[in-house]
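Ligands are counted one by one from 1 in listed order, and the atoms in each one are counted from 1 as well. Being a predicted model, the structure only gives us computed values, none of them experimental.
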Amino acid sequence: MTKENSFLYYDGARRSATSHRYFDNINPATGKVLHSVRSASDADVENAVESARSGFEIWSAMAPTERGRILRKAADILRSRNEEIARIEVEDTGKPLTEAISVDVLSGADALEYYGGIAASLHGEHYDLGNSFAYTKREPLGICAGIGAWNYPVQIACWKSAPALACGNSMIFKPAELTPRSAVLLAEVFTEAGLPNGVFNVVQGEAEVGQMLTRHPKISKISLTGEVGTGKKVMADAAKTLKHVTLELGGKSPLIIFEDADLDEAVNGAMIANFYTQGEICSNGTRVFVHESLKAAFLEKLIAKTQNLKIGDPMEMDTQVGALISEQHLEKVLDYIEQGKKEAKLIVGGERCNNIEACQEGYFVTPTIFEADQDSARIVSEEIFGPVMTVLSFSEENEVVRRANDTIYGLAAGVFTRDLVRAHRVVGQLEAGMCWVNNYNITPVEIPFGPYKQSGIGKENGLATLNAYSQLKTVYVELGKIDSPY
Ligand code: NAD
């Protein structure tokens, strides 16, 4: 364990924090403390804000083509460091290396490349008004703050910084305290790519450091990825200075499998929707509604495939299920499983797994499936954020749509059917911001991803996000004489 303190980044370099508060950066696969990380103090946050202010002056005045070139160069550097950064993500998150190496860093690089490519295409409109005209232009907001969750640390940092920077903003990013390291590496990548000092900054700490950002009068926008409860607090704090907010929050998404679905595809879809990243994915389809005529066959295949999943040391390339993020989260997931045993039928898994060589102290839980018949059961209605799937049955389309929508959340939903007319009819009625037909959890950077209902506000990715990181200025130009009433 090191007492490394240079985990902040501003004015183009790593910096040491100066508060007297520390938090542990723990490897969830072993339970070992990797670093004791020092939190940012008020003064450190002020330094980061000042850095971001001076970075903004340079960056916002730069030609968008040049901004795009730097972002695309950062994408290339990030890709070239894929394995190194993926390994750090695995140490911090406990997720399997096979996932981190194929998704986490590369999907972050995709965002830098995509927004780098369109930075120069931001434009306004011209309005011909006869003897006058008007035009609009998209301008940056100023200093934006990104606050991340721990499940996809470097991807989240890229998904927030890429559109923010493409629009000419600067950013201060606070990673989740459980996964502090990859955001600093991203900052180094940006600097190497030629990003002016101060355009991308990193501060570290828990909720109180997040609050320093959400309450700071010089910060114009907050983009949070986190829990619904955190989203409400962040929005309330941001309201005091009327900041723009993007909130990407939790979910308990429905996955509907109709009687005509391809059975193997539906089983694979349900597994991807529940067990990837040990179930720690916000959009997971954890309420799996299967048509009653298909349920027995579906469960038979699902159980067999789930029991075959390889749970193990996340650094081994054949591991498919890694460790949960923390001991506290492990306890929460195990509590839900105990609760589930009272409310539903446990059919697979449901145990802590501590017989993995070199990882006996790790926070592993076997992939778990419950067969449930009560939509109101806690394991069916509350976000668990672990490898816990609930399978429910239904008989009618109208019934399943009503039950799928009967939740405060609205992040995502999935439908498996061979009947495309029905697929579109059903997704048209689902109260979810992201719907997949015959697949699940596919999030290429080109398509907007984001919530309905209490799963949050706004979008990430796609062209839609550019509007969330810029403001529209309208300019009226008189060509004739003022038609004065005076
Ligand atoms: P969390 O809400 O506990 O923390 C998220 C971040 O907010 C952390 O950086 C934390 O330090 C910070 N924070 C906490 N309280 C704060 C406050 N009062 N003011 C400012 N900042 C504060 O969430 P988590 O446990 O890190 O992540 C898991 C949650 O994130 C799940 O609910 C999951 O569904 C959600 N999530 C959503 C998406 C999405 O795109 N919608 C993606 C990933 C995760």
Side-chain angles (χ1 to χ4, degrees), residues 21 23 25 28 37 39-40 45 92-93 95 103-104 107 111 145-160 172-180 182-183 202-216 219 222-240 243 245-253 276-286 324-326 328-330 332-333 382-386 407-412 432-434 441 443 445 447-462 465:
R21 294 182 309 277
F23 58 91
N25 170 213
V37 181
S39 288
V45 169
D92 275 10
T93 61
K95 68 171 65 187
V103 174
D104 292 54
S107 62
I147 301 180
W150 42 256
N151 59 340
Y152 278 79
V154 76
Q155 182 199 69
I156 291 172
C158 289
W159 282 16
K160 294 190 189 306
I172 303 173
F173 188 80
K174 189 196 86 61
E177 55 274 27
L178 297 170
T179 53
S182 56
V202 179
V203 295
Q204 303 283 356
E206 299 171 272
E208 65 213 18
V209 177
Q211 279 177 332
M212 292 178 201
L213 301 175
T214 53
R215 295 174 179 180
H216 202 290
I219 293 177
I222 303 287
S223 177
L224 166 81
T225 299
E227 290 181 357
V228 170
T230 307
K232 291 177 182 174
K233 287 183 201 152
V234 162
M235 194 164 171
D237 279 339
K240 290 175 192 130
K243 294 184 192 347
V245 288
T246 296
L247 302 173
E248 297 293 339
L249 311 176
K252 189 79 189 181
S253 299
Y276 206 72
T277 315
Q278 315 74 238
E280 294 167 328
I281 296 186
C282 52
S283 49
N284 271 358
T286 43
L324 294 176
I325 187 70
S326 66
Q328 194 188 5
H329 191 54
L330 170 80
K332 176 181 154 184
V333 172
E382 296 176 17
E383 184 183 47
I384 300 173
F385 219 55
T407 167
I408 60 162
Y409 299 110
L411 188 52
M434 178 80 234
N441 270 345
T443 55
V445 67
I447 66 173
F449 174 84
Y452 276 16
K453 295 161 84 174
Q454 290 191 36
S455 288
I457 295 174
K459 293 283 173 194
E460 291 200 309
N461 294 344
T465 303

Checklist entry - How far apart are the closest heavy atoms of W150 and T93, and which atoms are they? => result O-CG2, 3.4 Å
Any protein N or O within less than 3.5 Å of an N or O in ligand 1? List each pair with its distance, or say none.
from, atom 1, to, atom 2, distance (Å)
ligand 1, 2 (O), E227, N, 2.8
ligand 1, 2 (O), T230, OG1, 2.5
ligand 1, 9 (O), G148, O, 2.7
ligand 1, 9 (O), K174, NZ, 3.0
ligand 1, 11 (O), K174, NZ, 2.9
ligand 1, 11 (O), E177, OE1, 2.7
ligand 1, 25 (O), W150, NE1, 2.8
ligand 1, 26 (O), W150, NE1, 3.2
ligand 1, 30 (O), G226, O, 3.3
ligand 1, 32 (O), E383, OE1, 2.7
ligand 1, 34 (O), E383, OE2, 2.6
ligand 1, 41 (N), E248, O, 3.4
ligand 1, 41 (N), L249, N, 3.2
ligand 1, 41 (N), L249, O, 2.8

Checklist outcome for this item: Here the gap from Q454 atom CD to T407 atom OG1, rounded to the nearest 0.5 Å, amounts to 8.5 Å
Checklist entry - Quick one: is the NZ or CZ of K332 closer than 6.0 Å to the six-membered ring centre of F385, and within 45° of its axis? => result no
Checklist entry - Residues in side chain to side chain donor-acceptor pair (under 3.5 Å) with N461, at least two apart? => result none
Checklist entry - Minimum heavy-atom separation for F23 to E177, with atom names? => result CE1-O, 3.1 Å
Item to check | Gap separating the CH2 atom of W159 from the OG1 atom of T246, nearest 0.5 angstrom | outcome: 13.5 Å
